[in-house]
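Working notes for the structure below.
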Amino acid sequence: MAGIKDVAAEAGLSVATVSRVLNGHPSVSEDARRRVTDAVERLGYRPNAVARSLRTDQTRALGLVISDVMNPYFTELARSVEEEARALGYSVIIGNADERPDLQDHHVTTLLDRRIDGLLVSPTDGGSPGMLGAARAGTPMVFVDRWIPGVDVPVVRSDGRAAVRDLVAHLHALGHRRLAIIAGPAATTTGRERVDAFREALAAHGLELPDAYIGQGDFQAGSGRRVTEGFLDLAEPPEVVFAADNLMALGALDAVRARGLRVPDDIGLAAFDDIPWFVHTDPPVTAIAQPTGELGRAAVRALVDRIEGRTGASVTLPARLVVRRSCGEPASPEFPSPVRRSTP
């Protein structure tokens, strides 16, 4: 493998000049820059990133700790983070916390040991010790999607309250009055916020949210199925179930179908966090969509600002309601009614 001395010999320049070119030093002639670039290309030279990080105290690497890599929302978020980081000259190392605070701390510690320049985190709870310690130690950090109140870290997230109000108004206009929610973990800001927004939206229409219509989930499909089974066992089941994330919505759909019931004929279903699959389910699922790609890109820009000595500001973007047919909506050219075959 070629080294910097080989590049210098190939270019006919000193090692010091080659080093200045590779590190972007301004006091280098265009001729020297061209000769070094040509030599690098001919030899296939790759700078030693570890050695360079020791010289510059930067690795040009960011850490991303997401709550659940199986959740399509976080998969899309990670993709947008990686694309924006690459455009800004950074690489990304990803850790999956699987909604577990202990795994979150493991990934945070591992990433810091690898001397990343900054950290993006979607907290799994109210603050695991390792993550809080990193934030308080001054590690350049940005919270994305979820956040921890009282921790002085920029937050990049969406605001779903207006979209939840739009959803409840939409359901009310369709004639639904008994509305239930599969809530996310109360230890997370998004878990609490979505329940509060749903309750407030119901109150605006003179509707209550009984305890029996609040099911505690964990942002994973199994809890969506379990909670929905409980709703279906009630003497007066809800007319529509609102799942506070997409995986719990898929679990809810499984529970309804396992009973031989149909959405929306027997019970309606809506979800927070739209995903591409929802267009292809039968029926297509009415959902609240977050600007996931924009959130990922904004989070990277805020983190790089902090790394490079600028003020990384918090960013809040609006979510929006996407109406399909899972709550009893009339058929439309985009989402026509399916042809039902009678059973012989």
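Basis for what follows: all heavy atoms, side chains included, without hydrogens, waters or symmetry-related copies.
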Quick one, Arg306 with Met141, criterion side chain to side chain contact (heavy atoms under 4.5 Å, CB included). Give me CA distance, side-chain angles, the key distance, then yes/no.
CA-CA 8 Å; Arg306 288 177 69 83; Met141 184 181 293; 5.6 Å; no
Apply side chain to side chain contact (heavy atoms under 4.5 Å, CB included) to residues Ile148 and Met131 and explain how you reach the verdict.
CA-CA 11 Å; Ile148 300 175; Met131 189 194 58; 2.9 Å; yes
Yes or no on side chain to side chain contact (heavy atoms under 4.5 Å, CB included) for Val144 and Arg157, after CA distance, side-chain angles and deciding distance?
CA-CA 6 Å; Val144 57; Arg157 67 183 186 92; over 6 Å; no
If you apply the rule side chain to side chain contact (heavy atoms under 4.5 Å, CB included), what do you find for Phe242 with Leu179, and how did you get there?
CA-CA 7 Å; Phe242 173 45; Leu179 309 179; over 6 Å; no
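With Thr286 contributing its side chain and Ala270 its backbone, the two residues share no donor-acceptor pair below 3.5 Å. Checked by atom type and distance alone, the side chain of Ser314 pairs as donor or acceptor with a backbone atom of Val155 at under 3.5 Å. Under a 3.5 Å cut-off, the side chain of Ser326 and the backbone N or O of Gly268 do not form any donor-acceptor pair. Checked by atom type and distance alone, the side chain of Arg146 never pairs as donor or acceptor with a backbone atom of Thr188 at under 3.5 Å. Using modelled atom types, one side-chain atom of Asp117 and one backbone atom of Arg60 make a donor-acceptor pair closer than 3.5 Å. Side chain of Thr281 to main chain of Pro283: a donor-acceptor pair is present (N/O by atom type, distance under 3.5 Å, no hydrogens or angles). Side chain of Glu76 to main chain of Thr292: no donor-acceptor pair is present (N/O by atom type, distance under 3.5 Å, no hydrogens or angles). A donor-acceptor pair under 3.5 Å is absent between the side-chain atoms of Thr17 and the main chain of Leu13, judged by distance alone. Remark: side-chain polar atoms of Arg324 are paired, donor with acceptor, to backbone N or O of Val285 under 3.5 angstrom. In this structure a side-chain-to-backbone donor-acceptor pair under 3.5 Å is missing from Arg194 to Phe272.
The pair Glu200-Arg161 meets the salt-bridge criterion, since a charged nitrogen lies less than 4.0 angstrom from a carboxylate oxygen. A salt bridge does not link Arg86 to Glu83: none of the charged side-chain nitrogens sits closer than 4.0 Å to a carboxylate oxygen. Under 4.0 Å is where a charged nitrogen must lie from a carboxylate oxygen, and between Glu208 and Arg178 no such pair does. Under the 4.0 Å criterion applied to side-chain N and carboxylate O atoms, Asp102 and Arg100 are assigned as salt-bridge partners. Between Glu10 and Arg42 there is a salt bridge, since at least one side-chain N of the basic residue sits less than 4.0 Å from a carboxylate O of the acidic one. Salt bridge present: Asp31 and Arg34 bring a charged side-chain N and a carboxylate O closer than 4.0 Å. Between Arg259 and Asp233 there is a salt bridge, since at least one side-chain N of the basic residue sits less than 4.0 Å from a carboxylate O of the acidic one. Ion pairing of Glu84 with Arg301 is present here, as a side-chain N (NZ or NE/NH1/NH2) and a carboxylate O approach within less than 4.0 Å.
Nearest heavy-atom pair across Ala134 and Val108 is CB-CG1, 4.1 Å. For Glu193 against Ser158, the heavy-atom pair with the smallest separation is OE1-O, 4.5 Å. Annotation for Gln220 and Ser223: closest pair O-OG, 2.8 Å, computed over non-hydrogen atoms. The minimum heavy-atom distance linking Ile307 with Pro140 is given by the pair CG1-CB, 3.9 Å. Nearest heavy-atom pair, Gly296 versus Ser80, reported as atom, atom and distance to 0.1 Å: CA-OG, 3.3 Å. Contact between Ala201 and Arg165 at its shortest, heavy atoms only, is CB-CA, 3.9 Å.
Just one of Val315, Val156, Val304 meets the side chain to side chain contact (heavy atoms under 4.5 Å, CB included) condition when paired with Val142; it is Val156.
Going from atom CD of Glu239 over to atom CG of Asp266 covers 12.5 Å, rounded to the nearest 0.5 Å. From Glu82, atom CD reaches atom CD1 of Ile94 across 7.5 Å, with rounding to the nearest 0.5 Å. Atom-to-atom distance recorded for Ile116:CD1 and Thr110:OG1 is 10.0 Å, nearest 0.5 angstrom. Atom CD1 of Ile66 is separated from atom CG of Asp145 by 11.0 Å, given to the nearest 0.5 angstrom. Atom CG of Asp254 sits about 14.5 Å away from atom CZ of Arg226, to the nearest 0.5 Å. Atom CG in Asn71 sits 9.0 Å away from atom CZ in Phe219 (nearest 0.5 Å).
At least one side-chain heavy atom of Val323 sits under 4.5 Å from a side-chain heavy atom of Leu321. Looking only at side-chain heavy atoms (C-beta outward), Val300 and Leu62 come within less than 4.5 Å of each other. Between Ser122 and Phe74, the closest side-chain pair of non-hydrogen atoms falls below 4.5 Å. In this structure the side chain of Ile214 reaches within 4.5 angstrom of the side chain of Arg199, judged on heavy atoms. Residues Asp152 and Arg136 are not in side-chain contact: their nearest non-hydrogen atoms beyond the backbone lie 4.5 Å or more apart. Between Leu269 and Val256 there is no side-chain heavy-atom pair separated by less than 4.5 Å. Counting heavy atoms from C-beta outward, Leu207 and His172 have side chains that approach closer than 4.5 Å. The shortest distance between side-chain heavy atoms of Leu174 and Cys327 falls below 4.5 Å.
Both Leu261 and Val263 are members of a single hydrophobic cluster when ILVMFWY side chains are connected at heavy-atom separations under 4.5 Å. Put simply, Val322 and Leu167 are part of two different groups of oily side chains (I, L, V, M, F, W, Y) that touch within less than 4.5 Å, one to the next. Under a hydrophobic-cluster definition in which Ile, Leu, Val, Met, Phe, Trp and Tyr are linked whenever side-chain heavy atoms come within less than 4.5 Å, directly or via other members, Val227 and Leu247 are assigned to different clusters. Follow the hydrophobic side-chain contacts under 4.5 Å out from Leu103 and you never reach Leu120; the two are in separate clusters. Note: the hydrophobic cluster containing Leu171 also contains Val195 (ILVMFWY, side chain heavy atoms under 4.5 Å, direct or indirect links).
Remark: Arg177 CZ is packed, more than 12 non-hydrogen atoms of other residues, nucleotides or ligands lying under 6.0 Å away.
The closest side-chain donor-acceptor pair between Asp159 and Thr316, if any, does not fall under 3.5 angstrom. For the 3.5 Å distance criterion, the side chains of Asp274 and Tyr73 fail to qualify, holding no donor opposite an acceptor.
The side chain to side chain donor-acceptor pair (under 3.5 Å) check on Asn96 picks up nothing, with sequence neighbours excluded.
The aromatic rings of Tyr213 and Phe231 lie perpendicular to each other, with more than 60° between the two planes, well past the 30° mark.
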